[in-house]
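See below for the structure under consideration.
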Amino acid sequence: MTYLTQSINPFYAARSKRVQPIRDDDPPKPVYARLPLAPRNASPVPHLTSLYHFHRAGDYGDRKWPGNCGGNLVKDLLNYFRPGFVFDPMTGSGTATDVCRELGIPCLSFDIHDGFDACDPKEFPASQMFDLIWAHPPYWRQKLYADDARDLSRSPTLEHFIRRYGQFIRNCARSLNSGGKLAILMGDYSDREAGFVPLVYWTKRLAFEAGLKQHCTDIIRFSHGASCSKKVYRSSFIPGLHDTCMVFERPRLSGQGGQP
C-alpha cells in the first residue's frame, strides 16, 4: 500500500493566503464545555451519546494518513451494535480493521489505494453480506486522497461527487443484511467555488433514496486535533469544530421483528 502525503485542495484553501502563524506569546487556549448529563439506560456503551468527545485518537490506523479518524468511535459503535461481520470499503490506513482485530470481529476492507473503487457496483463483493459497514468518505475535495481519478475527492464538481457518492451508498445498502447498519462519518465545509457544502444533508438524502432509514440520533464528533485549529486567520468566519456520524439501517424483512 502506498501512503500519500496530505494535499490541501486549492478550492478549499481559499483562506490559506490569509493564514498567519500563531505567535509564541499568544498560544491557543482550550475552552471546556459542560456536557449535559445522559439518562441512564441499558446501553452496553453508556458514554456513547449524541455528543462524542474523545481527545485521544487511540492506537489504530496511521495518524499521518490524510483525514485519519481515531478508532475510538468505531470501537464504541462496534461494542454497541455487536455485528458479526464488518465491511470497511474506504479503509485508508486501516483504522476500522485494527479495531475489529482487537475486538475479534471478522472484517473485510478495501481502499482506492489498492485499486478498489467503492463507487462501482461491479466491484462491491457480491457474495458477501454484512451486519455493519463503516464508511469515512472524503469530504468532497476538502482534502485530496488518492492520485486516482475515481477517488471521490477528485470529483470535479459537486454534482459529480453527489452522483458517485449516491452510488456508493446504494452499493452499501445492497450489501447489508436485513437490519444491518451503515455508519457514515461526514462533515460539512466551505468550498472556494461552491460556498458552504452541506454534505451531512446530502448523506441523509442519498441514504433515504437508497431505501435506508436512520437508526438513531446523529453523533456529533468533536474535531480534536484538527490542523486548522492551530492556525490564525485574518478573515471572519464561523469555524466548524465537529463532524457527524450518521447510522442508517436496512429495514428488516417482514416477520423479522420489523416492517418491510
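This one's a predicted model, so the numbers in the text were calculated from it and none came from an experiment.
Applying the salt bridge (Lys or Arg N to Asp or Glu O under 4.0 Å) test to pairs two or more places apart or on separate chains, those with a residue in residues 70-79 are K75-E102. Sorted by first and then second residue, the salt bridge (Lys or Arg N to Asp or Glu O under 4.0 Å) pairs with a member in residues 164-183 read D117-R164, K181-E249; sequence neighbours excluded. Residue pairs meeting the side chain to side chain donor-acceptor pair (under 3.5 Å) criterion with at least one member in residues 80-90, sequence neighbours excluded, are D88-T91.
Judged as a side-chain contact (heavy atoms from CB on, under 4.5 Å), and not counting sequence neighbours, the contacts of D148 are I112, A146, R150. Partners of I219 by side-chain contact (heavy atoms from CB on, under 4.5 Å), not counting sequence neighbours, listed by chain and number: L48, Y52, L73, L77, C245. In this structure D120 satisfies the salt bridge (Lys or Arg N to Asp or Glu O under 4.0 Å) test with no other residue, sequence neighbours excluded. Contacts of F168 classified as ring pair (Phe, Tyr, Trp, His ring centres under 6.0 Å), with partners at least two apart in sequence or in another chain: none. Applying the side-chain hydrogen bond (donor to acceptor under 3.5 Å, both in side chains) criterion to R163, with sequence neighbours excluded, gives no partner residue. By the ring pair (Phe, Tyr, Trp, His ring centres under 6.0 Å) test, H160 is found to be paired with no residue, residues two or more places apart in sequence or in another chain being considered. In this structure, the side-chain contact (heavy atoms from CB on, under 4.5 Å) partners of A194, at least two apart in sequence or on a different chain, are W140, D191, V197. Scanning for side-chain hydrogen bond (donor to acceptor under 3.5 Å, both in side chains) contacts around E209 gives R205, with sequence neighbours left out. Partners of S109 by side-chain hydrogen bond (donor to acceptor under 3.5 Å, both in side chains), not counting sequence neighbours, listed by chain and number: T97.
Looking only at side-chain heavy atoms (C-beta outward), P89 and F110 stay at 4.5 Å or farther from each other.
Taking CZ from R252 and NZ from K213, the interatomic distance works out to 8.5 Å, rounded to the nearest 0.5 Å. For the atom pair CG (L152) and CG (L144), the distance works out to 12.0 Å, reported to the nearest 0.5 Å. Rounding to the nearest 0.5 Å gives a distance of 9.5 Å between CH2 of W134 and CD1 of I184.
Cluster annotation: L103 and I133 are assigned to the same hydrophobic cluster (Ile/Leu/Val/Met/Phe/Trp/Tyr, side-chain heavy-atom contacts under 4.5 Å, transitive).
A donor-acceptor pair is defined here as one N or O able to donate and one able to accept, closer than 3.5 Å; such a pair exists between the side chain of D131 and the backbone of G84.
Of the listed residues (V86, V74, T95), just one forms a side-chain contact (heavy atoms from CB on, under 4.5 Å) with C100, and that residue is V86.
Between F87 and F124, the gap from one ring centroid to the other is short of 6.0 Å.
More than 12 heavy-atom neighbours from other residues, nucleotides or ligands sit within 6.0 angstrom of CG on L35.
A donor and an acceptor atom, one from each side chain of S153 and Y139, are nowhere located under 3.5 Å apart.
Taking a cutoff of 4.0 Å between a charged side-chain nitrogen and a carboxylate oxygen, R101 and D98 qualify as a salt bridge.
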